[in-house]
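Note sheet for the following structure.
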2 protein chains.
Amino acid sequence: MRTKRGESPLATLAGKYLTLDEDERELLGSLTHEPRRIARNSEVVREGKAADNLFVVRSGWLLSYTIMPDGRRQVLQVHLPGDIIGFCDMPLPSFTYELKSLTDCSLGLLTRDRVNHIFHTTPRLTGFLFSLMMVDQKTHTDRLRVLGRMNARDRVIHFLLSVLVRLRLTDEAEGDVFDFPLTQFDLADAVGLTNVSVSNALSSLQEQGIVKRSSGRMQILDEAYMREAVSFTNRFESIDISWFPYLQASRA
Amino acid sequence: MRTKRGESPLATLAGKYLTLDEDERELLGSLTHEPRRIARNSEVVREGKAADNLFVVRSGWLLSYTIMPDGRRQVLQVHLPGDIIGFCDMPLPSFTYELKSLTDCSLGLLTRDRVNHIFHTTPRLTGFLFSLMMVDQKTHTDRLRVLGRMNARDRVIHFLLSVLVRLRLTDEAEGDVFDFPLTQFDLADAVGLTNVSVSNALSSLQEQGIVKRSSGRMQILDEAYMREAVSFTNRFESIDISWFPYLQASRA
DNA sequence: CGAGGCCTTGAGCTTCTTCAAGGAAAGTGG
DNA sequence: CCACTTTCCTTGAAGAAGCTCAAGGCCTCG
């Protein structure tokens with residue numbers, strides 16, 4: 001939605017872990033050259049489409065999800081600026097989920113050729129990308145804990161926190177306030193509830209002064225309480241890519 | 001539990017996707033040289049321990065799990081022969097979960113140095129390992145769908161199927177029968193239920209002739225019905241590593 | 001043979017869901 | 001800019017699925 005300084009959000013993110021040289025910065029930037037513009041509420045890929053490229057989110061929010069046989073939906077991930085979509089589909093012949101835009105979006109296309117190019121020329125970025133993918137996986141196991149063992153209120157709390165910390169990574173959150181384009185149906189499908197339960201949980205949180213909502217924006221008022229309630233850990237805080245083998249190879 | 005022909009289960013698994021040359025076969029084998037023996041029901045790592053090495057499961061079953069503040073448990077993954085444990089912890093300073101053996105186990109240790117060595121010398125194995133990691137992630141998103149949107153019966157069905165197909169990969173399943181060392185508490189903690197619900201679900205499945213249990217063994221009687229019930233897809237069937245960039249690099 | 005762990009089954013309860021209706025907000029077209 | 005339409009949110013009542021608690025039985029292992 002909001003990109004600062006005209007820089008790509010992925011570059012902003014990378015800058016938190018690496019000091020990029022000019023080549024690397026340019027390469028990262030090139031991923032989001034000629035971005036594809038996507039209108040709000042449109043289908044970007046359908047399940048089964050050939051997974052011959054990845055997407056890099058330059059701006060906007062997207063949802064990936066699957067449809068159950070009975071028509072219900074499970075949201076697998078919320079994609080924010082700086083995210084790379086489809087990395088783990090690369091060894092598979094096709095996408096295994098649907099991808100839909102929640103807002104107007106700008107997506108960089110990343111072909112397999114280009115991934116090749118990065119992997120061969122910039123070991124540091126390679127290490128960074130793999131680390132991102134591994135953190136992605138950690139995020140998923142955290143969500144298993146949420147869906148498997150938390151009640152409605154805590155599920156909603158955990159979801160809001162996870163969005164907040166990710167927005168902060170790319171400077172998209174303004175302190176404790178951020179745009180929040182999900183409907184309560186979307187949120188419900190993300191945390192395994194119904195829209196009714198989500199409505200109740202959010203109302204209760206607002207009444208107790210823990211969050212505040214207003215027309216597509218969300219404010220986190222008592223972050224400490226929320227973190228405590230769900231034992232939240234920010235996986236992005238502890239990334240360390242210095243160990244990554246390709247790095248050492250390139251320095252030798 | 002049962003390893004055929006003395007071959008390491010990871011090598012068996014790799015052999016399904018690659019034709020290994022002698023060097024590669026030897027390297028894979030070396031990962032499980034001098035395996036560490038672990039007794040049934042013992043803690044292998046605790047959360048917070050430095051993640052300076054991975055484990056390769058040579059034989060036996062293990063569980064990784066987290067404990068909730070209220071003492072309940074969420075099983076994150078069941079580890080079977082051929083599995084690599086801890087890959088996605090590499091960019092993190094320490095393990096983020098507990099690891100416990102369900103049976104007597106034999107674990108190969110894999111230090112970061114050795115990972116380095118593989119990455120530098122055998123691009124094909126590197127591609128294979130990354131593909132495994134990506135499939136791992138797919139497996140996790142499948143479980144999100146299970147925990148978010150399925151009822152007790154279907155959760156149990158999905159779990160049994162996912163174990164079955166993984167055991168078949170390393171030839172540890174005998175047709176539709178396999179060892180099943182999990183208690184109903186373990187299974188419950190894996191799929192976000194209580195032992196009571198698991199007991200009910202299993203009894204119902206057995207009564208309807210869909211599965212059959214007997215003292216630590218499980219038999220799948222109506223696999224087609226079960227696959228249909230949960231729209232099961234076997235992610236390992238569709239792995240394709242031919243695209244992997246490092247491969248092309250080494251051939252060029 | 002005894003003890004401990006594991007499984008089963010039932011009763012009552014809690015949480016979340018379903019169904020439904022009313023109201024607010026946002027988008028659309030004249 | 002206003003009326004209309006649609007989507008989204010809220011709230012309530014009733015129902016279902018799974019949980020808690022508990023007791024009894026089985027199986028295994030020492």
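We name chains A, B, ... by the order of the sequence lines, and we start the count at 1 in each one. None of these values were measured; they are calculated from a predicted model.
- If you check every strand for non-hydrogen atoms under 4.0 Å, A:R213 touches sugar and phosphate atoms only.
- Remark: A:R227 is not positioned above the aromatic ring of A:F232, lacking an NZ or CZ atom under 6.0 angstrom from the ring centre and at most 45 degrees off the axis.
- Of the candidate nucleotides C:dC7, C:dT18, D:dC9, C:dC7 has the atom nearest to the side chain of B:T183.
- A side-chain donor from one of A:S204 and A:R153 sits under 3.5 Å from a side-chain acceptor of the other.
- Counting to the nearest Å, the C1' atom of C:dT17 and the CG atom of A:D70 are 13 Å from each other.
- Among all heavy-atom pairs drawn from A:L63 and A:H79, the shortest one is C-CD2, 4.2 Å.
- Side-chain contact, B:T139 with B:D142: no donor N or O sits under 3.5 Å from an acceptor N or O.
- Between B:R155 atom CZ and D:dC19 atom C1' there is a gap of 13 Å when expressed in whole angstrom units.
- We find that CG of A:L202 is positioned 15 Å from P of D:dC8, with the value rounded to whole Å.
- Dashed line: the shortest gap from a side-chain N or O of B:S199 to OP1 or OP2 of C:dT8 is under 4.0 Å.
- OP1 or OP2 of C:dT17 lies within a sub-4.0 Å distance of a side-chain N or O belonging to A:T194.
- When rounded to the nearest whole Å, the span between CG of A:D186 and C1' of D:dC9 equals 13 Å.
- In the displayed structure, B:K16 atom NZ is contacted under 6.0 Å by more than 12 heavy atoms of other residues, nucleotides or ligands.
- Atom CZ in A:R72 sits about 9 Å away from atom P in C:dT17, given to the nearest Å.
- No hydrogens or angles considered: nothing links the side chains of A:T170 and A:T12 as a donor-acceptor pair under 3.5 Å.
- For the pair B:N200 CG and C:dT8 P, the interatomic distance rounds to 9 Å; values are reported in whole Å.
- Residues A:R149 and A:F185 each lie close to DNA chain D; by heavy-atom proximity, the contact nearer the 5' end of the strand is made by A:F185.
- Residue A:E228 qualifies as open at atom CD: its count of foreign heavy atoms under 6.0 Å is 12 or below.
- If you find the closest nucleotide of DNA chain D to B:S215 and to A:R40, the one lying nearer the 5' end belongs to A:R40.
- Of the candidates C:dC7, C:dG10, D:dG12, C:dG10 carries the atom nearest the B:V196 side chain, counting heavy atoms from C-beta on.
- Enclosure of atom CD in A:E43 by more than 12 non-hydrogen atoms of other residues, nucleotides or ligands within 6.0 angstrom is indicated.
- The shortest distance between the side-chain N/O atoms of B:S197 and the OP1/OP2 oxygens of D:dA17 is not below 4.0 Å.
- The bend of the helix from C:dC1-D:dG30 to C:dG30-D:dC1, defined by the angle between the axes of its first five and last five pairs, stands at 50° to the nearest 10°.
- Note on A:N151: only backbone sugar-phosphate atoms sit closer than 4.0 angstrom, heavy atoms only; bases stay farther off.
- The CD-C1' distance, from A:Q206 to D:dC9, rounds to 12 Å in whole Å.
- Contacts of A:L193 with the nucleic acid, taken as non-hydrogen atoms under 4.0 Å apart, involve only primed sugar atoms and P, OP1 or OP2.
- Here the C1' atom of nucleotide C:dC6 and the CG atom of B:N195 are 9 Å apart, to the nearest Å.
- For D:dT10, one of the phosphate oxygens OP1 or OP2 lies less than 4.0 angstrom from a side-chain nitrogen or oxygen of A:Q184.
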